[in-house]
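Everything below concerns the one structure shown next.
The structure presented is a predicted model; accordingly, all values stated were derived computationally and were not measured. No hydrogens, no waters, no symmetry mates; every other heavy atom, side chains included, goes into these values.
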Amino acid sequence: MENGSPQGNAGVEPEGERDPLEELVHVSKNGTPGEFRLDERGAVVGISSFEDLLELINPVGRWNVATLMLCCLAAFIFPFQTITYQFLGSTPEYWCHVPALTSANWTQDQIRNLAIPIHSNDTDEKNCKFYNYNYTKAVELGYEAAMENPDSISIGDGSPIYCQSRDFNISHYSLTLVAEWDLVCERRAIYSTTQSASQIGILLGALIFGYCMDEFGRRPVILMCTVLCLLFSLGAAASPGVTLYIILRIAVSFFNVGFYTGCFVQVMELCSVTQRSSVGSLGGMPWSLGYMVVPGIAYVVRPWRWLQVMYSLPTISLFSTYWFLPESPRWLISQGRHEEAVEIFSRAAKVNGRVLPPSEALVKSLQKIAPSQKATKPEKPSRRLLSILKHFVVLLTKKEHRVKILVNYFCWCAVSMVYYGVSLNSGNLSTDPYLYMLLGGLVEIPSYFTEWFLICRLGRRNGLMICYAICGISISAVAILLAEEDEVSYGFLMFFSLTGKMAINMAFGIVYVYSAELFPTRYRTLAVGQSSMMARVGSIASPYVNDILGAAITWGPSLLFSVMSVAAAALCLLLPETRDSITEEQAAPSGKQDSSGSVQVQRKNANSNEAFEAD
C-alpha cells in the first residue's frame, strides 16, 4: 500500500534492498513530495520511535533552534531571583544607634567617637555594642566635655554592651533591606533566611512541578508559573515587613523553578539522542550569562525595592511562550493526544522546509509507538501512600545501591553548598561584590567546555574527583590567606576563590550526568530526585555559613567549603566508573540475532529512546 505515487505497488522496492527510514529521511531532506510506504494498518513504514519523527522534521532545523532559544530565556532569567540577596541586602557600614545623641543632633562622627569602640579588634564590639554611658548626661555636658572626661558619664565600668538598634551609612549602597529592617547583629540570621527562602522555594517547586508537568503538560505549567512568578516578585518589592518578604521570596522561587524546569524538560524532549549530551552540558550557559547581568543591574539601581522590580521585569519576556512555545510532542504522544502532536510536527516541518507523510498515516504511526493504555482500578489512598513510602526508601534497602545513593547524597549536598557559598562569599573576602559576581559568571563559560572534555577523556568518577579536589585546594588557599594577620592581596583571594568556583561549577554539571548513569532505569529518576533534594539542603545552609560563621571567623566558611569538597572527592572512590559500562537498556537487544548469537542493531539509538521514555 502506498501514498503519493501513481504507480501503486510497482514503486515499492523489494524488502531488504532499502531501509524504509533512509527513504523517508532522504525525501524530507530534498524537501519534495515523494513516496511514503504504509503498512497494512495505514501507518508509515519505518516510524517506530520518537527519534524517527525528529529525523523527519530535522532535529537541528529552524523551528527546533527557535524553540531552544526561547526556552533558554528561562535559564537566563533564573539567576535574577536566585543569587541576588547580597545586592538586595548589601550590608553598609553600621554602628549602634544612640537615641539621646541622635535627638541632640550630634554628628555621626561625634556619636561614633564617644559611644562606639571603633578601635577595638573585636568586630562584634565595633558594630553591635556601645559603651555603657549615661548619654543624657553626655548631651548636657556637650561633646568636648564628654570626650575629655568619659568616666563622669560611665555606668559601672562603662564596658561595651549590646545595643537594640543600629545606624547605617547608606551613602554607598543606598537603602538596602538590611538597613531598612536592621538585619545585622542578633538579627543576622533573618538576613540569611532571605536567601535560604529562595532555596526552600526551589526545593518545594522541584517536588511539586514534576508531578504537575506529567499530569497537566509542560506548557500550562510554564505559563502559570511565569505569571505568578512575576506577580509575587513585584509583591516582594512592596513588602512592608521582612516576614512577608521571606514568604514572598519562597513563592517567587517556587514558581521560578516551575517555568525553568518546564523549559528545560521541553528542550530535552525535543532533542535527539545524540544531541542530549551537548545540550545538557552546554545548556548552562544562559544561566551564566544571566549570572553576569545580575551585578550589572545592581550597580546601576541601588535602592533595594527598585532593584527587586528590575530583577522581576525580565520575566515578562517569557510571556512570549504563550504564542510561540508548543506543548511537548513527546508528552502529547504519551497521553494519547496523537492528533495534537501531529499538528505540532506539521508546523515544525513547514518551518524547517521538510515534507511529512499524510497526517492520518502519522497518527496511526504514533498509535503504534504509544498505544492507548487500559484504565486500571485506582488504589486505596492508604495503600498508595504506603507504596510511595516504600518506593522512596527502596535504594537504601538494596545492598547493591545503598553505598552509591549515600555517597550521592553527600556529593550533591557538598556541591550545592560550596557552589552557592563560594558564589555569595564576597563579603567575607572583602572584595568588590560587583566585580566578584561578574567574574564568577564569566569563569563558568569555559567550565562547561572543560567539563565536557573531562567526562569524555577521563571518565565520570575521575573527572568529578579532580573537580572536587581542585576546588578543595583552591578554597583552602583562600582560608589560609584570610587567616593570615598581615594584609593579603585581593588579587590572590579573587584568583583562588574563582578557581574554586570554576571547579565546583564543573562538578555540579558532572554530578548530574554521573548520577543518572549510576542507577538502573527503574530507579534513575528516584535517585536524581532525592539527590537534588539533598543539594537543596546544602544550598539552604550556605547563607548561614557565610553570614553567621563568617561573622565569627572570617576564614571559617572557606575552611568548611574546602573540607566538604575534599571529603566528596575521597568518597567518590567508593563509586564505580560508568563511562564505558553497558547500562541495562544498552544491553537489551535491539535487533535480530545472527547465527553466532550476536545482536544485529537495526536502528541506532533506538534503545536510548526507550530508556528516555521510561524515565
Smallest separation among heavy atoms of [X] and [Y], with atom names:
{"X": "Gly258", "Y": "Val221", "value": "O-CG1, 4.2 Å"}
{"X": "Ala341", "Y": "Leu332", "value": "N-CD1, 3.9 Å"}
{"X": "Met285", "Y": "Ile445", "value": "CE-O, 4.0 Å"}
{"X": "Pro329", "Y": "Phe345", "value": "CB-CE1, 3.7 Å"}
{"X": "Gly262", "Y": "Ile222", "value": "C-CD1, 3.5 Å"}
{"X": "Gly440", "Y": "Lys501", "value": "O-NZ, 3.1 Å"}

Are the side chain of [X] and the backbone of [Y] linked by a donor-acceptor contact shorter than 3.5 Å?
{"X": "Lys404", "Y": "Leu518", "value": "yes"}
{"X": "Arg354", "Y": "Leu56", "value": "yes"}
{"X": "Arg536", "Y": "Ile202", "value": "no"}
{"X": "Gln199", "Y": "Gly538", "value": "no"}
{"X": "Thr84", "Y": "Gln81", "value": "no"}
{"X": "Arg219", "Y": "Tyr322", "value": "yes"}
{"X": "Glu327", "Y": "Arg218", "value": "yes"}
{"X": "Arg460", "Y": "Ile455", "value": "yes"}
{"X": "Tyr311", "Y": "Ser233", "value": "no"}

Under a 4.5 Å cut-off applied to non-hydrogen side-chain atoms, are [X] and [Y] in contact?
{"X": "His401", "Y": "Val394", "answer": "no"}
{"X": "Glu343", "Y": "Arg347", "answer": "yes"}
{"X": "Ile200", "Y": "Phe254", "answer": "no"}
{"X": "Thr450", "Y": "Met502", "answer": "yes"}
{"X": "Tyr434", "Y": "Phe87", "answer": "yes"}
{"X": "Cys411", "Y": "Val415", "answer": "no"}

To the nearest 0.5 Å, how far apart are [atom1] in [X] and [atom2] in [Y]?
{"X": "Leu234", "Y": "Cys229", "atom1": "CG", "atom2": "SG", "answer": "9.5 Å"}
{"X": "Leu230", "Y": "Asn256", "atom1": "CG", "atom2": "CG", "answer": "11.0 Å"}
{"X": "Ser447", "Y": "Ile504", "atom1": "OG", "atom2": "CD1", "answer": "11.0 Å"}
{"X": "Ser531", "Y": "Tyr514", "atom1": "OG", "atom2": "OH", "answer": "12.5 Å"}
{"X": "Tyr85", "Y": "Leu424", "atom1": "OH", "atom2": "CG", "answer": "5.5 Å"}
{"X": "Phe216", "Y": "Gln335", "atom1": "CZ", "atom2": "CD", "answer": "10.5 Å"}

Could you work out, with side-chain hydrogen bond (donor to acceptor under 3.5 Å, both in side chains) as the rule, every residue matching [X], not counting sequence neighbours?
{"X": "Asn462", "result": "none"}
{"X": "Tyr291", "result": "Ser423"}
{"X": "Tyr420", "result": "none"}
{"X": "Ser515", "result": "Asn408, Trp412"}

Review point. When you look at Val293 and Phe80, which way does the side chain to side chain contact (heavy atoms under 4.5 Å, CB included) test go after all the steps?
Key: CA-CA 9 Å; Val293 172; Phe80 294 174; 3.9 Å; yes
Point to revise | Sub-6.0 Å ring centroid separation between Phe209 and Phe259 | key: no
side-chain contact (heavy atoms from CB on, under 4.5 Å) partners of [X], counting only residues at least two apart:
{"X": "Ser198", "result": "Gln195, Arg249, Ser253"}
{"X": "Thr499", "result": "Ile470, Ser474, Phe495"}
{"X": "Phe453", "result": "Arg457"}
{"X": "Thr261", "result": "Met213, Val257, Val265"}

Exercise for review: List the steps and the verdict of side chain to side chain contact (heavy atoms under 4.5 Å, CB included) for His338 and Ile333.
Suggested key: CA-CA 5 Å; His338 303 122; Ile333 294 170; 4.3 Å; yes
Can I get a per-line list of side-chain donor-acceptor pairs under 3.5 Å for residues 60-79, giving both atom names and the distance, sequence neighbours left out?
{"residue": "Arg62", "atom": "NE", "partner": "Val351", "partner atom": "O", "Å": "3.2"}
{"residue": "Arg62", "atom": "NH2", "partner": "Val351", "partner atom": "O", "Å": "2.5"}
{"residue": "Asn64", "atom": "OD1", "partner": "Asn352", "partner atom": "ND2", "Å": "2.9"}
{"residue": "Thr67", "atom": "OG1", "partner": "Trp63", "partner atom": "O", "Å": "2.9"}

Practice item. Report the relative orientation of the aromatic rings in Tyr419 and Trp287; use parallel for angles under 30°, tilted for 30 to 60°, perpendicular for over 60°. Key: tilted
Check your understanding: Which residues satisfy the salt bridge (Lys or Arg N to Asp or Glu O under 4.0 Å) test with Glu340, sequence neighbours excluded?
Key -> Arg337
Check your understanding: Which residues pass the salt bridge (Lys or Arg N to Asp or Glu O under 4.0 Å) test with Glu360, sequence neighbours left out?
Key -> none
Practice item. Start with the C-alpha gap between Phe508 and Ser416, add the side-chain angles, then the distance that decides, and say whether side chain to side chain contact (heavy atoms under 4.5 Å, CB included) holds. Key: CA-CA 7 Å; Phe508 221 142; Ser416 187; 4.1 Å; yes
**Study point:** With sequence neighbours excluded, residues passing ring pair (Phe, Tyr, Trp, His ring centres under 6.0 Å) with Phe255
**Key:** Phe232
Review point. Can Leu362 and Leu53 be said to form a side chain to side chain contact (heavy atoms under 4.5 Å, CB included), step by step?
Key: CA-CA 9 Å; Leu362 283 178; Leu53 292 169; 4.0 Å; yes
